[in-house]
Amino acid sequence: MPRYARVLIDRTGAREFDYAIPAELEGAVSVGTRVRVPMRQRVLTGTVLSLPETPAVPNPRPIAGVVGTRPLLDPVLLRLGEWIARYYCCPVEAALRAILPETVRKGQSGFKQQWFAAIRRLPEPPELDRLRKKAPRQAAALDHLAKAGAPVAAATLAEQCTVTLTTLRALQRAGWIVLTQENVDRDPWADEEFLPAAPHELNPEQAAALAATLAAVEHPANSKPLLLHGVTGSGKTEIYLQAIEHALGLGKTAIVLVPEIALTPQTVERFKSRFARTDAPVAVLHSHLSAGERHDEWHKARSGRARIVIGARSAVFAPLENLGLIVVDEEHEHSYKQEETPRYQARDVAVVRASMEPCAVLLGSATPALESWQNAIAGKYELLQLRVRADDRKLPRIRVIDLRMHTGRTKGPPLFSERLRSAIEDRLEKREQTILFLNRRGYATSLQCPKCGHVCMCPNCSISLTYHRAAARMNCHLCGHSERVATRCPACSDPAIRHSGAGTERIEDVVAKVFPKARVARMDADTMTRKEAYRETLGAFRTGRIDILIGTQMIAKGLHFPNVTLVGIVNADLSLHLPDFRAGERTFQLLTQVAGRAGRGEVEGDVYVQTYTPFSPSIQWARRQDYEEFAAQELGFRREWNYPPFTHLALLTLRSPSEARAAFCAETLARRLKEGMPDGVVLGEPAPAPLARVKGQYRFHLSLRGRTILRAVEHLRKVIEETPLPADVRLTVDVDPCQLM
């Protein structure tokens with residue numbers, strides 16, 4: 001038996017300490033076990049990383065106790081955490097903290113327990129008659145339990161028979177019932193009934209893609225990651241479902257990643273319906289669950305009671321055994337990138353975990369990330385393609401509307417062109433549904449004085465305040481600063497200050513005035529504040545109780561509503577002119593994905609794209625729905641300028657309340673990084689970030705580009721450890737960043 005354990009203590013960064021395994025814990029401590037250990041005068045919690053034969057220090061102190069009855073981290077997840085720490089330049093402890101939810105890490109039993117009652121024996125008839133007269137509620141409880149023939153929750157008895165737990169304990173003392181306390185799952189879908197759904201018949205392209213996926217599931221060690229490029233509505237989800245069904249038949253499990261919380265209810269419904277009659281319950285993991293629900297869903301996966309896990313990026317760490325398939329739906333989505341330490345990309349982590357298990361990994365998208373597409377071109381991934389929609393439905397007609405031709409007809413820039421307004425009116429008459437997309441929330445993007453030009457800016461950030469009319473506030477969407485709406489210009493006191501730009505709140509207001517009889521709903525971060533709001537709004541839209549759905553990017557992908565025949569993109573330029581080399585790629589992806597929500601039923605769909613730059617390549621290739629030509633052109637630009645996917649990028653951000661200190665530290669770090677820099681790594685000059693100030697912190701950027709990022713990260717880690725920073729200067733490292741703002 002091992003006598004020593006190397007433990008990584010929580011909240012200490014990368015500090016590891018050796019402890020002795022006491023005799024009473026022999027056999028209970030292994031790699032991945034969570035343990036309680038003495039540290040100075042306290043007892044802290046940590047994770048066992050290894051079991052060395054000899055300790056690094058003489059006479060190590062003994063472990064104080066073990067958390068749980070079995071390791072919370074299996075060897076693969078532990079190795080995955082170490083890979084994340086090495087690749088993304090973060091402490092191992094931070095990586096393990098991302099893998100284990102906080103509600104699980106605490107080490108205390110977080111299960112909800114409930115009392116259940118069951119009949120032990122019924123009183124004799126004379127005794128039961130006396131009980132009905134003397135204690136009618138006790139008798140009613142006995143009658144209810146006798147009819148049930150199985151244990152009944154005490155809460156149910158309290159509701160049905162108005163009895164308390166004290167009353168039930170009296171029945172137990174009499175020897176008539178048995179009370180037991182059992183764990184109860186907090187299931188967010190417990191009150192919903194899912195009708196079983198049968199598999200759909202596949203077309204030849206789907207069948208070929210499924211055959212390749214099944215081969216990878218059966219022989220994962222010999223397979224490459226699979227990239228499924230299929231046009232919107234081509235039936236990618238059906239391939240996921242049938243591949244998972246095959247994996248379950250082999251005794252394996254599966255993980256399905258979705259990019260947005262808004263997609264989760266519809267995805268869960270489809271999966272729970274398909275597997276309703278099987279012994280493969282579906283667990284759901286995402287941040288909108290309560291702590292208790294997340295705890296129970298995680299343990300449902302760990303115990304094997306759930307064999308399929310669906311969720312957002314953190315679901316890639318689901319503790320499933322015998323993993324057979326990981327599906328990453330809409331793999332291009334930037335929401336798979338974690339924006340806090342550890343700054344991992346869930347798509348790439350899924351590929352690495354699949355190689356460690358080993359298991360098959362399937363990346364699906366109508367607009368794959370150029371990194372994934374280049375991997376397919378280079379032969380690192382196997383490319384599967386679906387070029388036509390399922391059931392031979394036609395792709396929507398996309399019409400580009402040049403807003404420059406409409407400027408000047410009204411007092412300000414038009415929100416709706418005449419063509420889009422007429423199209424919405426036509427859909428309302430036909431009782432068909434419309435989606436209006438604008439990736440900006442609020443009523444107006446800024447308040448500006450026409451006399452002196454003053455713009456109401458956030459006092460903490462380098463952006464203007466957004467006007468929210470319903471709340472009568474001006475808010476900053478970066479730091480959360482909020483203040484009352486200015487009625488006069490703060491600079492010159494002129495009362496003519498007015499708002500400019502538009503967000504989803506204003507679109508909703510205009511639609512309500514132009515189409516007063518339409519039933520309108522809005523989906524954005526301001527309206528989707530309640531846990532059930534996503535499910536309720538999408539449910540109402542699916543059942544036809546909403547005619548026009550207005551929203552931001554949370555409605556842009558993955559949703560399937562057959563009665564939607566019109567999609568209006570109010571302003572396609574919002575993401576096109578950002579100072580980011582991925583701006584064109586993001587715009588193309590967003591337009592293509594939003595357009596794909598139209599025409600998914602029997603009626604052909606129409607998409608109206610309003611723009612001031614109609615001849616942009618991103619907009620023109622999206623109009624033609626030609627991903628391959630767009631990718632060829634964009635990759636040519638990236639190759640010429642040596643940008644990802646032909647190199648890796650690491651972005652260093654230094655932030656401080658003092659602009660001078662942040663700038664000085666950036667210059668010092670750049671100078672030290674140049675010394676001993678690995679060959680082939682290019683270091684950019686320090687410069688203010690495009691968003692130069694956020695939350696009162698001045699920000700400076702440094703970038704590293706190179707083909708071998710691991711060597712660059714090793715050099716970077718060494719320099720950071722040897723370069724102490726002032727107390728008010730913070731450094732973050734983002735490897736493979738998704739945005740450069």
Side-chain angles (χ1 to χ4, degrees), residues 24 28 65-70 72 101 103-104 106-196 268 272-273 275-285 289-308 319 531-532:
E24 62 270 19
V66 172
V67 177
T69 57
R70 52 181 283 206
L72 293 182
T103 183
V104 175
K106 289 186 299 186
Q108 302 162 351
S109 176
F111 291 101
K112 179 183 178 182
Q113 292 194 315
Q114 194 170 338
W115 287 101
F116 283 82
I119 284 288
R120 188 173 191 176
R121 68 176 180 83
L122 279 172
E124 295 297 327
E127 194 173 7
L128 187 56
D129 290 338
R130 285 195 299 273
L131 191 65
R132 292 188 200 284
K133 295 176 183 178
K134 182 181 177 183
R137 291 181 181 177
Q138 291 187 20
L142 287 173
D143 290 339
H144 189 95
L145 290 170
K147 288 179 183 176
V152 176
T156 304
L157 289 171
E159 184 181 333
Q160 304 269 338
C161 310
T162 63
V163 294
T164 64
L165 189 59
T166 303
T167 304
L168 294 176
R169 285 192 174 124
L171 291 173
Q172 181 176 241
R173 285 195 297 273
W176 295 329
I177 71 169
V178 176
L179 282 175
T180 55
Q181 204 170 20
E182 299 177 17
N183 292 338
V184 179
D185 283 338
R186 287 157 286 199
D187 185 352
W189 280 268
D191 297 330
E192 296 198 20
E193 184 179 354
F194 297 95
L195 300 176
V268 170
K272 283 185 176 281
S273 297
F275 298 105
R277 289 180 177 168
T278 69
D279 60 345
V282 176
V284 182
L285 292 172
L289 299 177
S290 68
E293 289 170 344
R294 190 174 177 84
H295 172 277
D296 291 356
E297 293 292 286
W298 190 90
H299 279 282
K300 195 187 295 182
R302 178 172 176 258
S303 66
R305 289 182 292 126
R307 298 175 61 199
I308 303 169
K531 189 172 68 170
E532 300 299 323

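Just so you know, these numbers come straight off a predicted model, no measurement behind them.
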**Message:** Can you confirm whether Phe275 sits close enough to Ile308 that some side-chain heavy atom of one is under 4.5 Å from a side-chain heavy atom of the other?
**Reply:**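 Phe275 vs Ile308: side chains touch.
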Student check: side-chain heavy atoms of Thr180 and Pro151 closer than 4.5 Å:
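SC-SC contact between Thr180 and Pro151 ruled out.
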Heavy-atom pair with the smallest gap, counting every atom of [X] and [Y]:
| X | Y | answer |
| --- | --- | --- |
| Leu122 | Ala146 | CD1-CB, 4.2 Å |
| Ala141 | Leu157 | O-CD2, 4.4 Å |
| Arg305 | Asp296 | NH2-O, 4.5 Å |
| Gly175 | Arg120 | O-CD, 3.6 Å |
| Arg307 | Gly304 | CG-O, 3.9 Å |
| Arg137 | Val163 | O-CG1, 3.4 Å |

(Q) Pair Trp176, Leu142 - check side chain to side chain contact (heavy atoms under 4.5 Å, CB included), show working. (A) CA-CA 8 Å; Trp176 295 329; Leu142 287 173; 4.1 Å; yes
Would you please name every residue forming a ring-ring contact (aromatic ring centres under 6.0 Å, His included) with His144, sequence neighbours left out?
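Counting only residues at least two positions away or on another chain, His144 forms no ring-ring contact (aromatic ring centres under 6.0 Å, His included).
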Enumerate the residue pairs fulfilling side-chain hydrogen bond (donor to acceptor under 3.5 Å, both in side chains) with a member in residues 163-175, sequence neighbours excluded, ordered by first and then second residue.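 Pairs touching residues 163-175 that pass the test: Thr164-Thr167.
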- More than 12 non-hydrogen atoms from neighbouring residues, nucleotides or ligands closer than 6.0 Å to CZ on Arg70, yes or no?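 Atom CZ in Arg70 is packed in, count exceeds 12.
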(Q) Can you tell me how far apart CD1 (Ile177) and CZ (Arg121) are? Round to the nearest 0.5 Å. (A)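 Output value for this atom pair is 12.0 Å.
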Q: Nearest 0.5 Å please: distance from the CG atom of Leu171 over to the CG atom of Leu145.
A: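 Reported value, rounded in 0.5 Å steps: 8.5 Å.
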ask   = Are the charged groups of Lys300 and Glu297 less than 4.0 angstrom apart, N to O?
value =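 Looking at Glu297 together with Lys300, the answer is yes, because their closest N to O distance falls below 4.0 Å.
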Item to check | Pairing of Arg132 and Asp143 as salt bridge, 4.0 angstrom limit | outcome: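 Salt bridge between Arg132 and Asp143, a charged N being under 4.0 Å from a carboxylate O: yes.
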